[in-house]
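Okay, structure first, notes after.
Only heavy atoms go into these numbers, but all of them, side chains included; no hydrogens, no water, no symmetry mates.
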Amino acid sequence: MPENQITEIEGSVEDIVYRNDSNGYSVLMLNCSGELLTAVGKMTDVSVGDDLRLIGGMKVNPNYGEQFSFEYYEQKMPSTASAILKYLSSHTVKGIGARTAEKIVDTFGENTLEIMQKQPERLTEIKGISEEKALSIGEQIRKIFGMKEIMMYLTKYRISALEAVRIWKAYGDGAIAAIENDPYILCGETIRVSFEKADKIAEHLGMAIDSPCRLKAGILYIVTYNSGNGHTCLPTDKLIDISANFLKTDRENTASATAELIDASALICDEINGRSFVFLPAFYRAEFYSADRISLILKVPPERLAGTEYAVEEFERVNNIEYAQQQKKAIIEAMSGGLLILTGGPGTGKTTTLNAIIKLYENFGLKVLLAAPTGRAAQRMSQLTGHEAKTIHRLLEVEWDSDERPRFSKNERNLLDCDVLVLDEMSMVDVMLFESVLRALPLGCRLVMVGDSDQLPSVGAGNVLGDLIDAGKIPVVRLTEIFRQSMESLIITNAHKIVHGEMPEIRRTDGDFFFMEEHDRDRISDKIVALCTHRLPAAYGYDPMNDIQVLCPGKKGVLGAVELNKKLQDSLNPPGIGKPEIKTPLYTLRVGDKVMQTRNNYDLSWVRDDGSEGSGIYNGDIGIIENIDKSSGAAKIRFDDKIVSYNSDNLISVELAYAVTVHKSQGSEFKAVVMPMYYGAPQLYYRNLLYTAVTRAKEKLILTGNVSTLKKMVDNNKKTKRYSGLRAFLERS
């Protein structure tokens, strides 16, 4: 069979070599008319003995040889006595082993499965099967038959394995009827099928384009989609217009459907500055609660600590330090009230000020907890303050439900045990996480929020730091004075120029900020590889793995993180004899690779070099692969002094990290940062992103590319517009 030619094959499952329960990816041995064939692809459920029809093509895997890679499949229950025996002997049905399966098939032959489904009480004819066990077996078979029927129904609509499992869990035997009544139920939060897929099912079922269920599902889809772009709400008039265009209907229809959603509380409507806005209920509750709780802290603040001015003066004398006016203002403000926002750019003394605040709190006998949004940010906070800092999720004792949504043990009924909570990197905190923090905050607890308001906003929805500052309700101290020692750094002075819309100094070659002009994207790519592999290591002794980080505006394109990762991997860690590697959906990972964890995983266990143990690896953590077991798809990755064991499922959250996006770098610092400056997606080339990238570098920053692209980013101060309600709710309260 020619490679990549689309065809179909039929056969029965002889063996399941591998199965990933999280995404359905399976490796099967298929018996095709007596010939064994390896088949790979995603399917919702499969058992030994199943008869399958697969649609796909032959491919050659460099590690495992020729395989049939299928995109779609059809499945039917085994029909012959021998196939049924093989099926039941594979422990698919709880309580039936090989010997019991043989007795059942000997008794009922090809009618076995039908009898088990429709007349399970007849199984008591088999010695050793009680009535209770017979009914249990019948219930299992009915579920299996029902699930497989639903799976096959969904396959023709190209519903993924994970989506199909969620549909079965939500609707069970009634799934097909529910879908045919309203296919847009699949777009809900429980199933999370794309609106486009549900729309195609509806079209196939002959549903009208202006049916109420389609219009309402489309409107909710638009609001949800925009929350992924940071918006917690949308102007009602704008939503109606966008929806009419997207759904190819008239404005009256979408206005009516929007009103019905509001009446049903599927959307919440509120007026902000004379304009009507609609919210998803969860975001409305989060912003409204956050504003309410902040207002309560302002109205009933903790008791002012007596003698704060004297305490600050004494602290300065004992530690032989003199704080600048704004630093001293921040320290006194922190001692005086319940809330403080401390903001400022690099070199303005935020860390020095924060350390004084923490120490003085402790001198007053207060218990202080420290937290940050990401693992690397928390680690950096610990290093700079000398105090333990946790991720916010860890602080709130997160647990994940079956749909990977967080639930926090710390809440109104189980409050944090502290007098002061300090949150760092507040620009990264989204409104849902902020709400969770406030719910776990004890009455009378002080909250100090530290961050750089000029950095990128949170990945999640909301504009928390910006809204808190702009509302004008909370004391804000902005540090603007660059200290003398920091003035010597071009990284710091140029960062401040960028944030004020001025072109950075790029002609000097004697500092820590360099611009290497280049106009061809392939040559820029080559230069980045050269800088990372030998130029920077030779000039400054930097370790390419641990000290140098390539930052990219985005993931796509020749100069995006994905392609640069592959090119850097080829130079820094090429394949070799005896160097195991494993394929993931995006990359080939091999021993020695620099990798990043891309989502928080609090269950991953680690062992430190000193033998101590614990768990938890966080989004943004960077490590080195030390071992790969090709047979099981497992790996061991070193993160600083910790070794973490990954199975094949967990490796889905690991990506190459020679190059990462600027968004992924937030909360981290690197000795040397290299960044391409070349034309790309306009939405990624703006001032805040450039500023965030520049402030990730501690010792050396190298930009290479077009001066015009640099100027474009500096000039573009069009911060991503985010619709949110927190500021308005704070002002209202």
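Counting only heavy atoms from C-beta outward, the side chains of Asn706 and Met677 never approach each other to under 4.5 Å. For the pair Glu669/Arg380, a side-chain contact is recorded, criterion being any heavy-atom separation below 4.5 Å from C-beta on. The shortest side-chain heavy-atom distance between Lys594 and Gln549 falls under the 4.5 Å cut-off. Between Leu703 and Phe513, the closest side-chain pair of non-hydrogen atoms falls below 4.5 Å. By the 4.5 Å heavy-atom criterion applied to side chains, Asn716 and Arg687 are not counted as neighbours. The closest side-chain heavy-atom distance from Ile548 to Phe670 is not below 4.5 Å. Side chains of Glu425 and Thr374 form no contact here, defined as non-hydrogen atoms less than 4.5 Å apart. The closest side-chain heavy-atom distance from Leu689 to Leu456 is below 4.5 Å.
For the pair Asp512 (side chain) and Ile491 (backbone), a donor-acceptor distance under 3.5 Å is present. No side-chain donor-acceptor contact under 3.5 Å links Arg478 to the backbone of Thr343. Under a 3.5 Å cut-off, the side chain of Asn573 and the backbone N or O of Leu589 do not form any donor-acceptor pair. Looking only at distances, a side-chain donor or acceptor of Asn565 sits under 3.5 Å from a matching main-chain atom of Tyr658. Side-chain N or O atoms of Ser227 include one that pairs as donor or acceptor with a backbone N or O of Thr224 at under 3.5 Å. Looking only at distances, no side-chain donor or acceptor of Thr232 sits under 3.5 Å from a matching main-chain atom of Ala461. In this structure, Lys636 contributes its side chain and Asn627 its backbone to no donor-acceptor pair below 3.5 Å. Between the side chain of Glu505 and the main chain of Arg507, a donor-acceptor pair closer than 3.5 Å is present. Arg638 places no side-chain N or O within 3.5 Å of a backbone atom of Ile643 that could act as its donor or acceptor partner. Thr598 places a side-chain N or O within donor-acceptor distance of the main-chain N or O of Ser653, the cut-off being under 3.5 Å.
Look at Lys567 and Asp526 and you find a salt bridge, because one of the NZ, NE, NH1 or NH2 atoms lies within 4.0 Å of a carboxylate O, short of that distance. In summary, Lys555 and Glu655 engage in a salt bridge, as defined by a charged side-chain N under 4.0 Å from a carboxylate O. Salt bridge absent: Glu502 and Lys497 never bring a charged side-chain N and a carboxylate O closer than 4.0 Å.
Between His231 and Tyr723, the ring-plane angle classifies as tilted under the 30° and 60° cut-offs.
In summary, the side chains of Gln379 and Asp640 do present a donor paired with an acceptor at a separation below 3.5 Å, with no hydrogens or angles considered. Side-chain atoms of Asp593 and Tyr587 include no donor-acceptor pair closer than 3.5 Å. Side-chain contact of Ser708 with Tyr679: a donor-acceptor pair under 3.5 Å is present, judged by distance alone. Under 3.5 Å, the side chains of Tyr540 and Glu699 contain no donor-acceptor pair of N or O atoms. Between the side chains of Ser724 and Asp467, at least one donor N or O sits under 3.5 Å from an acceptor N or O.
No more than 12 heavy-atom neighbours from other residues, nucleotides or ligands sit within 6.0 angstrom of CG on Asn273. For Glu196, the CD atom counts as densely surrounded, since its 6.0 Å shell holds more than 12 non-hydrogen atoms of other residues, nucleotides or ligands. For Gln325, the CD atom sits in a loose shell: 12 or fewer heavy atoms of surrounding residues, nucleotides or ligands are nearer than 6.0 Å. Around CG of Asn320, the count of heavy atoms belonging to other residues, nucleotides or ligands within 6.0 Å does not exceed 12.
Summarising the geometry of Pro537 relative to Pro544, their closest heavy-atom pair is CG-CG, 3.8 Å, with the distance given to 0.1 Å.
Atom-to-atom distance recorded for Leu701:CG and Asn494:CG is 8.5 Å, nearest 0.5 angstrom. Taken from OG1 in Thr533 to CZ in Arg535, the straight-line distance is 10.0 Å, to the nearest 0.5 Å.
Shown here are the side-chain hydrogen bond (donor to acceptor under 3.5 Å, both in side chains) partners of Ser427, two or more places apart in sequence or in another chain: there are none. Here Lys642 pairs with nothing under the salt bridge (Lys or Arg N to Asp or Glu O under 4.0 Å) rule; sequence neighbours left out.
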Assess whether side chain to side chain donor-acceptor pair (under 3.5 Å) is satisfied between Thr692 and Gln455, documenting all intermediate values.
-> CA-CA 5 Å; Thr692 301; Gln455 285 191 26; 4.6 Å; no
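Aromatic ring centres of Phe195 and Tyr225: separated by at least 6.0 Å.
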